Amino acid sequence: MTATFKKSVTIISVDKLNADIFSMWIKDEEIVSASKPGQFLSLYCKSGDRLLPRPISICEINKKESTLRLVYRVAGKGTEEISHYKATDKIEVMGPLGNGFTLEGKKAILIGGGIGIPPMLELAKQLQCEKTIVLGYRDVTFLDQEFKYLGQVYISTEDGSTGTKGNVIDAIKANGLEADLIYACGPTPMLRGVKAYATEHGIPAQLSMEERMACGIGACLACVCKTKEKDHHSNVNNKRICKDGPVFYADEIEL
Amino acid sequence: MTATFKKSVTIISVDKLNADIFSMWIKDEEIVSASKPGQFLSLYCKSGDRLLPRPISICEINKKESTLRLVYRVAGKGTEEISHYKATDKIEVMGPLGNGFTLEGKKAILIGGGIGIPPMLELAKQLQCEKTIVLGYRDVTFLDQEFKYLGQVYISTEDGSTGTKGNVIDAIKANGLEADLIYACGPTPMLRGVKAYATEHGIPAQLSMEERMACGIGACLACVCKTKEKDHHSNVNNKRICKDGPVFYADEIEL
Amino acid sequence: MNTKVKIAGVEWKNPITTASGTFGSGLEYSEFLDLSNLGAVTTKGVAAIPWEGNPTPRIAETSSGMLNAIGLQNPGVDVFLERDYPFLKQFDTNIIVNVVGKTTEDYCKVVERLANAQVDMLEINISCPNVKEGGIAFGQNCTSVEAITKEIKKYAKQPIIMKLSPNVTDITEMARAAEAGGADALSLINTITGMKIDVHKRGFVLANKTGGLSGPAVKPVAVRMVYQVANAVNIPIIGMGGIMTGEDALEFIMAGATTVAVGTANFINPTATMDILNEIKDYMRKYNINDIQELIGCVK
Amino acid sequence: MNTKVKIAGVEWKNPITTASGTFGSGLEYSEFLDLSNLGAVTTKGVAAIPWEGNPTPRIAETSSGMLNAIGLQNPGVDVFLERDYPFLKQFDTNIIVNVVGKTTEDYCKVVERLANAQVDMLEINISCPNVKEGGIAFGQNCTSVEAITKEIKKYAKQPIIMKLSPNVTDITEMARAAEAGGADALSLINTITGMKIDVHKRGFVLANKTGGLSGPAVKPVAVRMVYQVANAVNIPIIGMGGIMTGEDALEFIMAGATTVAVGTANFINPTATMDILNEIKDYMRKYNINDIQELIGCVK
Ligand SMILES: Cc1cc2nc3c(=O)[nH]c(=O)nc-3n(C[C@H](O)[C@H](O)[C@H](O)COP(=O)(O)OP(=O)(O)OC[C@H]3O[C@@H](n4cnc5c(N)ncnc54)[C@H](O)[C@@H]3O)c2cc1C
Ligand SMILES: Cc1cc2nc3c(=O)[nH]c(=O)nc-3n(C[C@H](O)[C@H](O)[C@H](O)COP(=O)(O)OP(=O)(O)OC[C@H]3O[C@@H](n4cnc5c(N)ncnc54)[C@H](O)[C@@H]3O)c2cc1C
Ligand SMILES: Cc1cc2nc3c(=O)[nH]c(=O)nc-3n(C[C@H](O)[C@H](O)[C@H](O)COP(=O)(O)O)c2cc1C
Ligand SMILES: Cc1cc2nc3c(=O)[nH]c(=O)nc-3n(C[C@H](O)[C@H](O)[C@H](O)COP(=O)(O)O)c2cc1C
Ligand code: FES
Ligand code: FES
């Protein structure tokens, strides 16, 4: 059992990466020392009308400095509020939450799509095997420069402005990439594509899933996904993304 | 008809006067140039769960600098929130609201009780007649030093720590104060006492009243007080404190 | 881009009106906006004779909402016709008079007095939770909803909008009863009965003990009821309850409301109605909607 | 200072329990607090057989509230007895099992299975708005409330708490029906049915279309209902709906609740129950209240 903390932490910096993507570093020894790639934090808003947490993946962990990076897109009012925070402000968070990625494989492809890209950064840093990184964007890229030192980076954009025109699978095919393991995080249609690709090639894939959350710790059953087998906890074909995930093997879940 | 503005204004400073009393200066040319003593502003909270305005009296007006002072007590969550604001922050306000005091009389007593003291400061500054100032506190005093240059100041405290032990009427009696007009703002029991005193002595009194408000401009009928005569607007014995007041002659209203 | 809608035979230039009781008769808000830019102005409840309303405190703040127990203070229909009606006639907008009473006869008296005025629609408030007699008592029972609607229709020269109470087990039953009684349109929701206790004073915050809950807190309940009713009757709906933004208004329209009313939001922002209208237009522009009609009831 | 209370013959060390469905069976929250410090743990709804629940999205955020349509996913009473019950027995607290079913027989089956377990109270959920059959269907009609209560009482060895739905015209009628059927206590309120529309996707946010509204948004409605019911029946009440702070809990207690349940607040603050308990104790200290009993129903 990993320790989970609910507390107010200090913001070290907030930077705008592009029109609607922000990068925030926070500092907290307890949370940082318990964190691993693929886990996430629940962020709480200050505006009293917004009760529920905003789950945001851990993008980078700096154990030495006890700092942790979150990269988030302004998707609605909560992330909009959080984008206005400044260094030295406090933010209420809970975490680390979820299981995180299992570090395994000899030759891995790391696939990030859109706002699913941030968690791949810490994974790429910690994963000690041969790795190829595939990043999918709609148009404008972000974080891609930071992956450069961690492996060979391939990019796909929907509008073709950078890299392969199309999606991440198009980029994999176009570049003839091969692997014995896939790690992926991104929108559901992308994960569906990755699962199909992995099944077709007989490669195991770890997929990081998304769903609306309330408790973030497995109690409320808001965030379930369908599983192939009856789940031990639920006794039905449902797993909790916040607690049993967010990372699942592709063959465990229905997509 | 005075102009009323609803806008976001800049905070110049927030200072703590004592344990729970704060003084805030804001800057806005339009609002300041329209403001007079006895009027108030509606302050809006940033926390999205607190919808209603917090009415706060105008304590000082600096037309030259286009600045305006509000002195407020932390009474609940809204004023607590506002007490944390800092210089350069913005605050959403509406005003100036209400009728304000009518400047008249030759020899006036200005009576402020507790958090009813702030509006008496600008009144004392603008009122060009002979004036005596009576300030009533529970225990710790505030703003009293600032009245010193504007008239003779008498203080009452409930615990007797400063001035006359008792209430403002006790102070008036103890010091044998006389006047041809009374201006007063404070809690309802105090206003009731002032009204009784004024009636007994046949002196007109302008009383500034308080009630919970929603619209602040006379539309919702939340903030009424009972009147002796049928009111022209309501066609019943009710006047709106936000629009027809907050200042009433003592003999107009039932207390 | 068309924002015109027709509701119960009356054309509005846009789907925005004011929720009764939150806008007076428009006078105070006319300092902040041109009333001619509203689809309609809905007045505070008007009774046959002046009403004093409830003692104060009449309002309390709650999380994302407020309770009110104004108790329908109003100057009576005569003062309304002498003073407020001529004021409103100056503007190029529809006038909807909200009608209140303690007995069916009371309602009918007001409706009769307004029959020859150039008032465009009448909204019958059978759902006020803050008065002892009348109000909600009529609105929580199918039989009485149908009966009072029928009776009022006998006197009314204008289209009749029955304003429904959310304090019921099944809002569709009340809606069907109003339709059966001959209602031309429905307004929903009025406020939900609530209470706030001051734990320090150990007493009720409101002098009336209970009050009506309004504001964003009630929006999910209001949208649900509008959706249910839109799928249960064939008369049009004015949707309301917590509308603060254009997106909020669109939720009601997509759920099936033909027009919407803005209430509590006026207190927070006196130009809320205009801001909401502009946000709706922005939305239509963004998604290439030429006619707002396309959005009415589009979510099934 | 005494915070002990007795409700339906069961002594609680303090008046705080968890609202069903917001605390699982306590396992996840036991990382954050010692369950022995709660007056009682109320479990997620337990059915005779495992339930899958509704498709996702199951929740939506609303102003100062949330909608949920979990649909009573649960592993069934057998797994409950094998796994969750022994876990809960480790703690020095009361266990309240929330019971759900699609038919009266379903409810009775669960109640019968639990009769010999050391479960302290049973809370019968006849008010879930998020399932097609059972749930709320039983809770919106006096006759069926009384009938199901009577039937369940035949099988129950523990005190029976009937959990009432706020989606009714008159909550006191339902309360009286439950009392007439033999209920030992009442829980109120369950969630209020609501809806949220995503105007950009032009669809419902919840897969189930409607969901149950909980959180501070509903507190004024919940306090009002607790007050009304406390003045209508002679059985004790567990009050809930939007309790986030000690003062919120005290509103319910002063309105007439003997104990209170904390729901949505757990999601925002996993130690909410303990913080609320401490705030109640602070209040009692500040105002020199020696026994919490003095506060129950003290506002009339
Ligand atoms: C495990 C996990 C990890 C995530 N990691 C990241 C990340 O690293 N960077 C990033 O930008 N985004 C991430 N997301 C998505 C992010 O949580 C949402 O974009 C965010 O919650 C939207 O909040 P909002 O207030 O801006 O939007 P609003 O629409 O105002 O939110 C309303 C409610 O819906 C919830 N919600 C809305 N969209 C989503 C969504 N896509 N997933 C889950 N809940 C949602 C919100 O949390 C909130 O409760 C992650 C989601 C999950 C589940
Ligand atoms: C015309 C007028 C002038 C005022 N001038 C001042 C002033 O100069 N300095 C000052 O400290 N206070 C003043 N007050 C009182 C001040 O408005 C309240 O103390 C304040 O609104 C409390 O807000 P809160 O959020 O802290 O309390 P909460 O209890 O959280 O407020 C809840 C709601 O009740 C309302 N409310 C609570 N107490 C009062 C009250 N006494 N009067 C009116 N509404 C209330 C709030 O506005 C809010 O809508 C004035 C009130 C009025 C009507
Ligand atoms: C202060 C106040 C006064 C109200 N007075 C009336 C009224 O006179 N007649 C009526 O039918 N509804 C009245 N209502 C109800 C509103 O018209 C509206 O139905 C309700 O407030 C929900 O909308 P909102 O959340 O946008 O305010 C009043 C509401 C408030 C807040
Ligand atoms: C996610 C969620 C799940 C719930 N599940 C149940 C349930 O299984 N049985 C039940 O009786 N009530 C259930 N409820 C209702 C709560 O127990 C409670 O009555 C309601 O949420 C009001 O309290 P609150 O505002 O403190 O959350 C659930 C509520 C939520 C938010
Ligand atoms: S968010 Fe509650 S179980 Fe996942
Ligand atoms: S606050 Fe609306 S009339 Fe005074």
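Since this is a predicted model, take the numbers as computed values, not measurements. Numbers restart at 1 for each chain; the letters A, B, ... are given by sequence-line order, proteins then strands.
Between Asp248(C) and Lys219(C) a salt bridge is recorded (basic side-chain N to carboxylate O distance below 4.0 Å). With salt bridges taken as basic N to acidic carboxylate O contacts below 4.0 Å, one links Arg50(B) and Glu81(B). Using a 4.0 Å cut-off between a side-chain N of Lys or Arg and a carboxylate O of Asp or Glu, Lys228(B) and Asp251(B) do not qualify as a salt bridge. Taking the charged nitrogens against the carboxylate oxygens, Arg58(C) and Glu211(B) have no contact shorter than 4.0 Å, which rules out a salt bridge.
Contact annotation for Thr62(C): only backbone heavy atoms (N, CA, C, O) come within less than 4.5 Å of a heavy atom of chain B. Only the backbone of Asn74(C) comes within contact range of chain B, judged by heavy atoms closer than 4.5 Å.
Of residues 233-242 of chain B, those residues lying under 4.5 Å from chain C by any heavy-atom pair are His233(B), Ser234(B), Asn235(B), Val236(B), Asn237(B), Asn238(B), Arg240(B). For a heavy-atom cut-off of 4.5 Å, chain C lies close to Arg212(B), Met213(B), Ala214(B), Cys215(B), Ile217(B), Gly218(B), Ala219(B), Cys220(B), Leu221(B), Ala222(B), Val224(B), Lys226(B) in residues 212-227 of chain B.
Top candidate by heavy-atom pairs under 4.5 Å with chain B, chosen from Ser25(C), Ser64(C), Gly24(C), Gly76(C), is Ser64(C). Interface remark: of the candidates Met66(C), Glu28(C), Lys44(C), Glu28(C) forms the most heavy-atom pairs closer than 4.5 Å to chain B. The most heavy-atom pairs under 4.5 Å with chain B, out of Pro270(C), Ser63(C), Ala60(C), Gly215(C), come from Pro270(C).
A side-chain donor from one of Thr264(C) and Ser214(C) sits under 3.5 Å from a side-chain acceptor of the other.
At a threshold of 4.5 Å between non-hydrogen side-chain atoms, the residues Ser187(C) and Met240(C) count as touching.
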(request) Output, in order, the C-alpha distance, side-chain angles, deciding distance and verdict of side chain to side chain contact (heavy atoms under 4.5 Å, CB included) for Ile238(C) and Ile161(C). (result) CA-CA 9 Å; Ile238(C) 305 178; Ile161(C) 308 158; 3.7 Å; yes
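Here the closest heavy-atom approach between residue Pro96(B) and residue Ala34(B) is recorded as CG-O, 3.5 Å. The nearest pair of heavy atoms linking Met244(C) to Pro216(C) is CG-CG, 3.6 Å.
For Arg202(C), the CZ atom is densely surrounded, since the number of other residues' heavy atoms within 6.0 Å is greater than 12.
Distance check, rounded to the nearest 0.5 Å: CZ of Phe22(B) to CG of Leu17(B) gives 8.5 Å. Separation of atoms CZ (Phe87(C)) and CZ (Phe80(C)) is listed at 11.0 Å; rounding is to 0.5 Å.
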